[in-house]
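Here it is: the structure, laid out below.
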Amino acid sequence: MEPTPRSADPPAGPISVLVVGDPNWRTPLVADLSAADETLVTTAARGHDGYEWLTAQPGEVDCIVCSLDLADMSGVRFLEVVRAAYPDLPVVLLASDGDEATASRAVAADVTEYVPVDDRPSLTDDLLRRVRRAAVRYRTARARRRRARQFDALFDDPRTFMWVLDPSGAIRRTNRTALDFLDAPATSVVDASFADSPWWERSETTSDEIRDALRTARNGSVTRFETAFSAPDGRVELDVSFRPVTDRDGAIVSVVVEALDVSERAHLERELRESEELHRVTLNNMTDTVLVTDDSGEFTYICPNVHYIFGYSVEEIRDLGRIDALLGDDLFDRETLDSQGLLTNIECTATDRAGREHTLLVNVKRVSIQGGTTLYSCRDITKRKDRERALTALHRTSRDLLYAETTPEISSLVIDDVTDIFDVDECAVYLFDTDANELWPAAATDAIESLSGPLPTVRLDESSALGRAFVDRTTLTFDDVTESDAFPVTAVERRSGLFIPLSDHGVFVAADERGTLDEVTREIIDLLAATVEAALDRIEREDELRERDRELQRRNRQLSRLNRTNEIIREIDRALVRADSREEIEAEVCELLTASDRFEFAWVGDTDPGSGDLEPRSWAGDDRGYLDAADFTARGDPAGRTAAADSVTVVPNVADDLQDSSWRREAISRGFQSILSVPLTHGDVAYGTLSVYAGRPNAFDDRARTVLSELGETIASAIQSVERKRALVSDTVVELDYRITDENCVLHALSRRTDCALELRGGVRELDSGARILVAVSGGSPSEVAAAANAIVSVESVRVVSSDDEGGLVQLTLTAPFIATRLAESGATLERLRSDGGDTTATVFVPSPVAVRTIDDVLSNAYPSSELVARRERERPTDAGSRFRDGFLSDITHRQLEVVQTAYYSGYFESPRANDGAAVAAMLDISSAAFYEHMRKVQRKLLAAVFDRIPSVPDGG
């Protein structure tokens, strides 16, 4: 072990020792430790108890003495736990039966002392020395770290420059504040001469003065002085001190240089001196003048600031002889003054040396001061009077502005009255043109135009004081700019004046070649500018209100048109409900759209499957041969574009681009000025287009477009509905066979992956976001099919309904609508869907009058790679069994059908039952009670269908 460093004094006070071990083992050791001088002992039987006490009393233990065997852990393990939290705390491990492996592990865990002892150790002198030496070394290091942290905290003070030098003057350490001042890394100044360092290049102190201060510090004395540094953002004043640092023997080992930033204190001292000077100047230069006279009116005292009001010096005032020559005769009644002693607020006029007339407010008081008997206090209120007159004129102008109706009228009114408001002849009002992005002179006095000619327009994207005042919303004086771009130089040179922004309206300009824009005048100008701004705000609000009124009227007109459109829609909706065929629907829609001069012309067209041309099916109104003459291709009339793109097409003004569009010329020649064409589409099925023609431009606003677009979908839905109704009573159906190779067909994908035959069984249960189907499995395991289905994204869940040696039944819940639902919406029926090893076929029944092309589009949209392989016409079954089946199925709900189907296919009706009611209910995600309720309702309806339709049997039959 290394000896305790001489530079660190042993810490005062008793040492604290924590002894951890079995009570019988630690008793003699604790007794010996407690008997030792200046030693505090704490004990713990188990390692866990010792560690808890240690963490509860951080910093209270100087050394730990621990036995090798503890009740809850080994001594080495306790050492490792302590080291993880307190890496520097000394731990002495006493081993009564340790071996070399244990000792190696203790050394690896950084044990402080590993001491072999007897079974009942006692505190030998050697052990005491070891424990005390470890504790002292730990406390000394801890004290040294604490002092180092304290020094670092002082050294890193952000308000102080700090350096540590060796006795020769070389830099050993520099704090961040000093380095940031140079914006240099520490490595660039370490070992450099402090006297020649870059800091002093910016200071008022020379390198020789720094060496002298360092020499004094080496001799053991503190040196202190003030200096200043030049910084980019201003002057930095510092209080610098050189302090020697000695070791225990008194030898100087380093010098600490501290430079405290006292700029703020120096600044405050300067401000204090300036404030004192300001007080003296104010007292000597106050504008109120004090005069003292004797009873005859001759001056006995004249205030030195008398020239502020009268323009005379003290000697010149004294030469006037009497106060009457200055303030006039009969200023006050002397008997009244004698009786009251004080007369206040006497208003009079006086003429100064330059011949200017001043209005004064005089207080007169009886006094007795060095021969003087009457004191006169004179205050110049000329500016106040001027302000009162200006405010009166401003009030009149403000009243007139209330009746102004336009911004140019406001500008002209202000310029006409400006010379009455204040004594400035050269004024102008600039207004902002938002479209041109420029300020233009709305009005100007004759005086300013006579000097500079017509005032220029000022663009905001060009540099100018006028533009800067407007953009920054800041009042600028002519003195703020060396050369103003607002006017020609001749108009502003050698002048004083103001650019005052009028909010976002413009700028008010006031110029004076005499340079007499005093404080009062500027105050009145500011008030006038604020009044003009308020008037312009009023005009803007009134314009906005008028615009709102116009907008309200426009919206009322739109609402009226919308009401008329809604009336048409209601009539069409009623007609759609009554219609029995597609032809009747199309004819009624066209007739109602063109009735009562609502629109000029309306027609419905559909694309011919063979030629691809758009063919008219129904129309109303006067087309005047337009259907025969116009071009209805994708580049022609909006009907052709709508048919090609299946989207709404609007032509606001047919007259636009007449030369390049022949169909526009045909339409405009027939009085058609705006056109709207909407697709007749419902779901995946398109039934053509509806086109409406109006006799005025912009007849179809956004609301009309939305309403007529929704009408197109409603018409398509009505057509689909009537076709489905007719299909239900039709005796003829077209049977279509399709081959499907699309992977998005669930049965195709599952059959190909499992190499078994799958067939759709029973009906389809529609869900909010998809469908639930039953699939029969043959030639494979339903469990394998279920496992494969779980890997398909479009399958939300799968459940095995039944299983046997030949196959079984699975229930699939799909995340998207099933093809059978889409076909049913168009009036067709999916009779069969089967896939065997990836060979998938679908059979679809299409009753008349549903178009086969419509059903083909539906299937192609669902399965793009599907192929129609067979088409057959056949009669719908009309036997009693089919009628009974159809009637019964129409009596039960989709949910009841799903419940009874699942029960049937899962073996619920077999004997013995393959699945009981609880199992079937679990398949359907319903309770057992709900399952039995559905079953009873289906059975009741089935028995009612059987028994209620049996003819009565005669007696004896």
Side-chain angles (χ1 to χ4, degrees), residues 565 568-590 592-593 602-609 614-618 638-649 676-692 704-728 730 734 736 764 766-771 816-830 844-864 866:
T565 303
I568 298 173
I569 299 304
R570 285 193 295 271
E571 292 179 7
I572 291 176
D573 286 341
R574 287 194 292 268
L576 294 179
V577 172
R578 294 192 304 267
D580 294 326
S581 67
R582 176 176 179 178
E583 291 76 10
E584 185 179 350
I585 289 173
E586 295 169 343
E588 284 284 348
V589 168
C590 294
L592 290 173
L593 286 173
W603 67 285
V604 174
D606 197 4
T607 304
D608 183 84
L614 188 64
E615 298 291 342
R617 287 179 53 87
S618 184
R641 282 180 272 167
T642 296
D646 193 30
S647 61
V648 177
T649 305
L676 174 67
S677 183
V678 299
L680 303 181
T681 304
H682 182 68
D684 297 331
V685 183
Y687 294 97
T689 62
L690 168 65
S691 301
V692 184
R705 297 174 193 176
T706 302
V707 170
L708 291 175
S709 178
E710 292 174 354
L711 174 62
E713 185 175 350
T714 303
I715 294 170
S717 176
I719 293 174
Q720 188 178 82
S721 178
V722 298
E723 288 193 345
R724 290 178 61 183
K725 289 179 182 177
R726 294 181 62 186
L728 291 175
S730 173
V734 177
L736 304 178
V764 177
E766 291 186 53
L767 305 176
D768 291 339
S769 60
F818 193 55
I819 183 62
T821 304
R822 298 180 182 179
L823 291 170
E825 290 175 351
S826 299
T829 305
L830 180 63
V844 181
F845 281 4
V846 185
S848 178
V850 178
V852 173
R853 179 177 63 85
T854 299
I855 304 306
D856 192 62
D857 289 342
V858 172
L859 203 76
S860 298
N861 287 332
Y863 306 128
S866 61

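One is the number of the first residue; the rest follow in order along the sequence.
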* To do: Test His682 against Ile719 for side-chain contact (heavy atoms from CB on, under 4.5 Å), laying out the working first.
  => CA-CA 9 Å; His682 182 68; Ile719 293 174; over 6 Å; no
* Asked: Do you know which of Leu680, Leu614, Val678 makes side chain to side chain contact (heavy atoms under 4.5 Å, CB included) with Thr689?
  -> Leu614
* **pair Ser677-Leu690: side-chain heavy atoms closer than 4.5 Å** => no
* Asked: Which distance, rounded to the nearest 0.5 Å, do you find between the CG of Leu708 and the CD of Glu713?
  -> 13.5 Å
* Asked: If you look at every heavy atom in Ser709 and Val648, which pair is closest and at what distance?
  -> OG-CG2, 3.6 Å
* To do: Without swapping roles, check the side chain of Thr714 against the backbone of Glu710 for a donor-acceptor pair under 3.5 Å.
  => yes
* To do: Measure across Val844 and Ala828 and return the closest heavy-atom pair with its distance rounded to 0.1 Å.
  => CG1-CB, 3.8 Å
* Asked: Under the 3.5 angstrom rule, does the side chain of Arg582 hit a backbone N or O of Tyr687 as a donor-acceptor pair?
  -> yes
* Asked: What closest approach, in Å, do Ile819 and Ala862 show between heavy atoms, and which atom pair accounts for it?
  -> CD1-CB, 3.5 Å
* Check Ser691 against Ala639 and note the closest heavy-atom contact, atom names and distance. => OG-CB, 3.2 Å
* How long is the gap from CG on Leu859 to CG on Leu823, to the nearest 0.5 Å? -> 6.0 Å
* **Ser866 to Tyr863 - nearest heavy-atom pair and separation** => OG-O, 2.8 Å
